[in-house]
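Here's the structure, in structure tokens; my notes come after.
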Amino acid sequence: MATCSIEDVLAKAEKDEAEKLKSITVIKEQDLEFDPGNMLAFDKNPPDIRQFREKKKDDFLRSLARDNAQLLINEMWKLPTERVAEAIVAKLPEPTTRLPREKPAPKPRAPTKWEEFAKLKGIQNKKKTNLVWDDVHKEWKRRWGYKRAKDDTKEWLIEVPETADPNEDQFAKRNKAKTERVAKNELNRLRNIARSQKIKVPGVGLAPTAQQSKSELGKAMHVAKMSTASVGKFQDRLPKEKAPRNTGKRRKFQPLIGDFSTEKQRQLDILNIMDSKKPRLDINKAANKQMREEDMESRKKTGPGKKGQKGRKGKFSGKKSKAPKLAPKGANSRKLNKQKGKR
Amino acid sequence: MPQRDGVVKPKTKRSKRFLQNRGSKLKENIKNAMIMKGGNTSETVTQALKDIYALKKPNAVMYKKKNITRPFEDQTSLEFFSKKSDCSLFLFGSHNKKRPNNLIFGRMFDFHVLDMIELGIEKFASLKEIKKSTCPEGTKPLLVFAGEAFDTDNEHKRLRSILTDFFRGPIVPSVRLAGLEHLLHFTALEGKIYMRSYKVLLKKSGCRTPRIELEEMGPSFDFTLRRTHLASDDLYKTAHRQPKALKIKKKKNVSHDAFGTKLGRLHMQKQNLAKLQTRKMKGLRKRKGATVEAVEETSPKITKTDE
């Protein structure tokens, strides 16, 4: 009897369990897709259209929603829980549905000119202590900022240097220097930003200075001359004025230590040129040379008569006519050499 | 604005923080929505906008004045507003003879329109009309999509993505289970999209998981799909691109088996057993003539291998 009762009890318990589960189970043809991180469910099953038409529309939609919501809630209740301040909290996993970002991912800041230079030279930042000993106050003070040590803005007396103008205000001079440093810093900051965005940066040109040196004056004059509508094309030169040197382009040198493969290639190219028996042919140059020679010859034929008319002595005319024939040859060959060197 | 890329330096710490919050981030802010009216709106559209604003509330901006723009023709003003209020989701409502009761759901990427979908309201019941029950403001809703159209049709797929983006609310690490009381259900059926919002009632079921009962809550819509503007695949892909820093790096030599046990693989060098420290005893103590013994010890080994 006892065994029988136990079986009964077990069966009953099983039945109860099944009934309990019945209220929360929903049977679907295809399983739903869940994303608990977004509390999102997606039911791929096509809704029953026949029922939709027969039943009241809203009732059908509600029953569909109830079933789907039950499944989603079942899924949510499976998540690991925690007790936080008398509330049961489920930990949500990372969302799996990929949604577009709002803004593109942040880019690393482009290095400033100084940072690039420091990297090239291997200069590393040295950490400085925040506090330094101030001898005047006999106290540890900040290196920078408010109440800093050796604060030169707080001095009530400044010694006038021997070379300086005695009527000059040294305090104002210091202040002005400071504002100028700040302005320069700001300018450099903007230039760095422009450089990082690949905007063409205008050259500094001529910065105003108190006392212009000779070279600065020359530069200023040159800039002024170039600042016409025709970029200085029609500006006359003073009788003894020299043409400005090294304006515009700067000479650039290859780095001393750098890419060895390109350097090797360059040397090999030169060797190749030197080694080859055939001379290199620059068509423009060759054509020019040819034309000039033809010119010369034609002049030679007609020339002596003309020159004679001008009243030169016959003795020298022969010599003169010979010399120009040789000279251009030499000049040409020199030019060719120059080109080789450049490349 | 942050778009100028730091040319104008912020003057105070506060404005600096503000700009930093608006700039691009690894882990992004919650997407804000701007809700605006077109040149003409009907009463339904106005009410619909208000109701959706009520659902979205802490993360939404309501533009109350008319904005005479047509997003499908000219998006510049939308982009301007998005920049101004830092919103990347928008909802635009309008009403005219050709397209009565029109709603445009859309989203932005990098302050340019990524995709937008136009929906016509066929039937609308507002929050006020169904007065039975309400939900506290800012509740994160349960979202359910039903219907195979959301899986097969390209435009429906994109609509699902937009609606998820629009209504999902903040991404949270954990959620109070008793507080799951709002359900948004989208059904695609016979070319229409039914959006219903329900209040969830958790009933006792006898086991741990509760039984669900639903109570209708506003707003509810019957939508038809109208015009769409979908992003090109290329742009869509770039918008989805995850920054490298966010990707989880795979740990070397660590694996998990089916039961969730953590397994590690170690690489060890061969141990020299000859130098193994055994129990120290007086009798085994090293003596001065230890080297001779060592030679003797090796000899029996060789004989073993011979056998």
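Keep in mind that what you see is a predicted model, and the values were worked out from it rather than measured.
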Value rounded to 0.5 Å, distance of [atom1] in [X] from [atom2] in [Y]:
| X | Y | atom1 | atom2 | value |
| --- | --- | --- | --- | --- |
| A/Leu61 | B/Leu189 | CG | CG | 7.0 Å |
| A/Ile73 | B/Leu177 | CD1 | CG | 8.0 Å |
| A/Arg101 | B/Leu114 | CZ | CG | 13.0 Å |
| A/Arg66 | B/Glu215 | CZ | CD | 14.5 Å |
| A/Ile88 | B/Ser174 | CD1 | OG | 13.0 Å |
| A/Glu102 | B/Asp110 | CD | CG | 10.0 Å |

Considering only heavy atoms, which portion of [X] lies under 4.5 Å from any heavy atom of chain B: side chain, backbone, both, or neither?
| X | value |
| --- | --- |
| A/Thr81 | side chain |
| A/Leu72 | side chain |
| A/Arg109 | neither |
| A/Pro95 | side chain |
| A/Asn45 | backbone |

*Might you point out which heavy atoms bring A/Pro104 and B/Ser24 nearest each other, and give the distance in Å?*
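Taking every non-hydrogen atom into account, O-CB, 3.1 Å.
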*Nearest non-hydrogen partners of A/Pro47 and B/Thr187, listed with the distance*: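 What the structure gives for the nearest pair is CG-CG2, 4.3 Å.
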*Decide side-chain contact (heavy atoms from CB on, under 4.5 Å) for B/Met108 and A/Lys103; before the verdict, give the C-alpha distance in whole Å, the side-chain angles of both, and the deciding distance to 0.1 Å.*
CA-CA 9 Å; B/Met108 309 269 195; A/Lys103 286 156 201 164; over 6 Å; no
*Between B/Glu190, B/His185, B/Glu28, B/Arg168, which has the largest tally of heavy atom pairs under 4.5 Å with chain A?*
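Ranked by heavy-atom pairs under 4.5 Å with chain A, first place is B/Glu28.
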_Need one label for B/Tyr194: side chain, backbone, both or neither, based on atoms under 4.5 Å from any heavy atom in chain A._
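The side chain, not the backbone.
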Picking from [options], which has the most non-hydrogen pairs under 4.5 angstrom with chain B?
| options | answer |
| --- | --- |
| A/Lys78, A/Glu82, A/Lys57 | A/Lys57 |
| A/Ser63, A/Ala105, A/Pro46, A/Ala65 | A/Ala65 |
| A/Asn68, A/Asp43, A/Ile49 | A/Asp43 |

*Would you say A/Leu92 and B/Pro173 make side-chain contact, with heavy atoms under 4.5 Å?*
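No. Closest side-chain heavy atoms not under 4.5 Å.
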Quick one: does any side-chain atom of [X] pair with a main-chain N or O of [Y] as donor and acceptor, under 3.5 Å?
| X | Y | result |
| --- | --- | --- |
| A/Arg189 | B/Val7 | yes |
| B/Arg208 | A/Trp77 | yes |
| B/Arg176 | A/Val84 | no |

*Under 4.5 Å, heavy atom to heavy atom, which residues of residues 140-150 of chain B contact chain A?*
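Answer by number: B/Lys140, B/Pro141, B/Leu142, B/Leu143, B/Val144, B/Phe145, B/Ala146, B/Gly147, B/Glu148, B/Phe150.
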*When you look at CG of A/Asp259, are more than 12 heavy atoms from neighbouring residues, nucleotides or ligands closer to it than 6.0 Å?*
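It does: A/Asp259 CG has more than 12 such atoms within range.
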*Just wondering, are more than 12 heavy atoms of other shown residues or ligands nearer than 6.0 Å to CZ in A/Arg98?*
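Check passes, neighbour count above 12.
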*asked:* Tell me whether the NZ or CZ atom of B/Arg160 lies within the 45° cone about the ring axis of A/Phe42 and under 6.0 Å from its centre.
replied: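 Because its charged atom sits under 6.0 Å from the ring centre and within 45° of the axis, B/Arg160 does stack over A/Phe42.
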*Residues of residues 27-38 of chain A near chain B, each having a heavy atom less than 4.5 Å away*: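 Residues in range: A/Gly37, A/Asn38.
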*asked:* Between A/Asp58 and B/Arg196 (salt bridge meaning N to carboxylate O under 4.0 Å), is one present in this structure?
replied: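 Here A/Asp58 pairs with B/Arg196 in a salt bridge, since their nearest N and O are under 4.0 Å apart.
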*Do NZ/NE/NH1/NH2 and the carboxylate oxygens of B/Asp151 and A/Lys44 come within less than 4.0 Å?*
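The answer is yes: the pair qualifies as a salt bridge.
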